[in-house]
Colleague: 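Here you go, one structure.
Atom set for the values below is all heavy atoms of this structure, side chains included, hydrogens, waters and symmetry mates excluded.
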Amino acid sequence: QVQLVESGGGLVQTGGSLRLSCAPSGRTFITYDVGWFRQAPGKEREFVAAISWSGLNTYYADSVKGRFTVSRDNARTTVYLQMDSLKPEDTAVYYCAAPSRPFYISSEYGSGGLYTYWGQGTQVTVSS
């Protein structure tokens, strides 16, 4: 079983920054790929960013390239999503997720249907 917990969401003005955290519950370590997704009211869930289990590869949606950065701490306890230059269109509930098997092709990281375990989500609101 993999249980993920997100934190770090909040209210910020346009141009501001937030850092989201994703950590497994209990006393466990991250040994799997991790993806970040977001969903706004009335909109479909969309891919945001992902990091390979090794931390050596990262992937981003075109809409956040250059503004968001996904990373993992050296202790392998937490995956982060640093969000800079936030825009109102970034407003959504953000989720981290993990698949039930390793990914081997880059396109797999952006497919929500391939992720099995999801966190509860954390709200990010960017005021205009």
Side-chain angles (χ1 to χ4, degrees):
Q1 294 179 322
V2 177
Q3 293 185 318
L4 303 174
V5 179
E6 304 97 334
S7 62
L11 175 65
V12 66
Q13 294 184 1
T14 297
S17 299
L18 286 172
R19 188 180 74 165
L20 306 183
S21 298
C22 174
S25 63
R27 302 173 64 166
T28 59
F29 301 93
I30 298 173
T31 58
Y32 34 80
D33 305 305
V34 175
W36 285 96
F37 294 80
R38 66 187 182 187
Q39 186 168 25
K43 298 181 180 179
E44 296 181 355
R45 181 183 62 194
E46 65 175 344
F47 169 74
V48 177
I51 186 168
S52 63
W53 71 269
S54 65
L56 298 177
N57 303 101
T58 57
Y59 308 89
Y60 300 94
D62 290 340
S63 60
V64 305
K65 286 182 179 178
R67 299 189 299 119
F68 290 11
T69 304
V70 63
S71 63
R72 190 191 70 192
D73 67 354
N74 291 332
R76 303 182 67 174
T77 60
T78 309
V79 168
Y80 301 100
L81 182 67
Q82 177 68 42
M83 305 185 295
D84 299 318
S85 301
L86 284 163
K87 306 174 182 179
E89 50 263 45
D90 294 318
T91 296
V93 176
Y94 284 71
Y95 301 89
C96 64
S100 60
R101 64 166 178 83
F103 291 152
Y104 299 99
I105 304 173
S106 61
S107 61
E108 293 181 305
Y109 287 88
S111 179
L114 296 179
Y115 290 82
T116 301
Y117 308 100
W118 295 80
Q120 83 289 345
T122 185
Q123 177 70 49
V124 172
T125 302
V126 184
S127 62
S128 59

Colleague: In the single-linkage hydrophobic clustering (I, L, V, M, F, W, Y; side-chain heavy atoms under 4.5 Å), do Leu4 and Val70 co-cluster?
Modeller: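 Yes; tracing contacts between hydrophobic side chains, which count when under 4.5 Å, links both residues.
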Colleague: Does Val34 share a hydrophobic cluster with Tyr60, counting links as ILVMFWY side-chain heavy atoms below 4.5 Å and allowing steps through other members?
Modeller: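 In one cluster: yes.
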Colleague: Please report the shortest heavy-atom distance between Thr31 and Arg76, naming the atom on each side.
Modeller: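 Result for this residue pair: CA-NH2, 3.6 Å.
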Colleague: Taking the six-membered ring of Tyr80 as reference, does the cationic atom of Arg19 (NZ for Lys, CZ for Arg) lie under 6.0 Å from its centre and within 45° of its axis?
Modeller: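 Pair Arg19/Tyr80 counts as cation-pi.
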Colleague: Supply the atom-to-atom distance Ile30 CD1 to Thr77 OG1, rounded to the nearest 0.5 angstrom.
Modeller: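 Ile30 CD1 to Thr77 OG1: 6.5 Å, rounded to 0.5 Å.
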Colleague: Could you walk me through whether Tyr32 and Tyr117 satisfy the ring-ring contact (aromatic ring centres under 6.0 Å, His included) test, starting with their C-alpha distance in whole Å, then the side-chain angles of each, then the deciding distance to 0.1 Å, before giving a yes or no?
Modeller: CA-CA 11 Å; Tyr32 34 80; Tyr117 308 100; 7.9 Å; no
Colleague: Kindly compute the distance separating OG (Ser54) from CG (Asp33), expressed to the nearest 0.5 Å.
Modeller: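 Reported to 0.5 Å precision, the distance equals 8.0 Å.
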Colleague: Show which residues join Leu11 in its hydrophobic cluster (side-chain heavy-atom contacts under 4.5 Å, direct or indirect), or state none.
Modeller: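 ILVMFWY cluster around Leu11 holds nothing else.
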Colleague: Looking only at non-hydrogen atoms, find the nearest pair between Val126 and Thr91 and report the distance.
Modeller: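 Looking at all heavy atoms of both residues, the shortest contact is N-OG1, 2.9 Å.
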Colleague: Compare all side-chain heavy atoms of Leu114 with those of Arg101 and state whether any distance is below 4.5 angstrom.
Modeller: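 Sidechains of Arg101 and Leu114: in contact.
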Colleague: Checking one residue: Leu56. Which other hydrophobic residues are in its cluster under the side-chain 4.5 Å linking rule?
Modeller: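 Under the 4.5 Å side-chain rule, Leu56 groups with nothing.
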Colleague: Can you run down the salt bridge (Lys or Arg N to Asp or Glu O under 4.0 Å) pairs that involve residues 112-128, sequence neighbours left out, and say none if there aren't any?
Modeller: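 Qualifying pairs, neighbours excluded: none.
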Colleague: At their closest point, which heavy atom of Arg45 faces which heavy atom of Gln39, and how far apart are they?
Modeller: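 It is N-NE2, 3.7 Å.
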Colleague: Kindly work out whether a path of hydrophobic side-chain contacts (I/L/V/M/F/W/Y, heavy atoms less than 4.5 Å apart) joins Phe47 to Ile51.
Modeller: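 No, Phe47 does not connect to Ile51 through the hydrophobic network.
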Colleague: How about CH2 on Trp53, more than 12 heavy atoms from neighbouring residues, nucleotides or ligands closer than 6.0 Å, or not?
Modeller: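 No - once you tally the heavy atoms of other residues, nucleotides and ligands closer than 6.0 Å, there are 12 at most.
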Colleague: Taking all non-hydrogen atoms of both residues, which atom of Ala92 and which atom of Gln123 are closest, and how far apart?
Modeller: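 In terms of heavy atoms, the two residues are closest at O-NE2, 3.4 Å.
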Colleague: Closest approach of Tyr115 and Ala50, non-hydrogen atoms and distance?
Modeller: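 Closest pair (atom of Tyr115, atom of Ala50, distance): OH-CB, 4.0 Å.
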Colleague: Determine, stepwise, if the pair Glu89 / Lys43 fulfils salt bridge (charged side-chain N to carboxylate O under 4.0 Å, His left out).
Modeller: CA-CA 11 Å; Glu89 50 263 45; Lys43 298 181 180 179; over 6 Å; no
Colleague: Please check: side-chain N/O of Gln120 versus main-chain N/O of Glu6, any donor-acceptor pairing under 3.5 Å?
Modeller: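 The answer is yes, because a donor-acceptor pair under 3.5 Å joins these two groups.
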Colleague: Would you call the rings of Phe68 and Tyr94 parallel, tilted or perpendicular if under 30° counts as parallel and over 60° as perpendicular?
Modeller: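 It falls in the tilted class, 30° to 60°.
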Colleague: Quick check on the hydrophobic clustering: are Val12 and Val64 connected, directly or via other members, by side-chain heavy-atom contacts under 4.5 Å?
Modeller: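 Looking at the clustering, Val64 is in the same group as Val12.
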Colleague: Got a salt bridge between Asp62 and Lys65, using NZ or NE/NH1/NH2 to carboxylate O under 4.0 Å?
Modeller: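 So Asp62 pairs with Lys65 through a salt bridge.
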Colleague: In terms of relative ring orientation, are Tyr59 and Tyr109 parallel, tilted or perpendicular, with 30° and 60° separating the classes?
Modeller: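 Answer is parallel, since the angle falls under 30°.
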Colleague: Any chance you could measure Phe29, atom CZ, to Arg72, atom CZ, to the nearest 0.5 Å?
Modeller: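 These two atoms lie 11.5 Å from each other.
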Colleague: Among Leu81, Thr78, Val5, exactly one meets side chain to side chain contact (heavy atoms under 4.5 Å, CB included) together with Ser21. Which residue is that?
Modeller: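 That would be Thr78.
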Colleague: Establish whether Tyr95 and Trp36 are linked, either directly or via other cluster members, by ILVMFWY side-chain heavy-atom contacts under 4.5 Å.
Modeller: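 As far as the 4.5 Å side-chain criterion goes, Trp36 and Tyr95 are not connected within one cluster.
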Colleague: Taking all atoms of both residues into account, what is the closest heavy-atom pair of Ser17 and Asp84, and its distance?
Modeller: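 For Ser17 versus Asp84, the nearest heavy atoms are OG-OD1, 2.8 Å.
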Colleague: Within a strict 4.5 Å, meaning less than it, do heavy atoms of the Val48 and Met83 side chains meet?
Modeller: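 Val48 vs Met83: side chains apart.
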Colleague: OG/Ser128 to CD/Gln13 distance, rounded to the nearest 0.5 angstrom?
Modeller: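 So the OG of Ser128 and the CD of Gln13 are separated by 10.0 Å.
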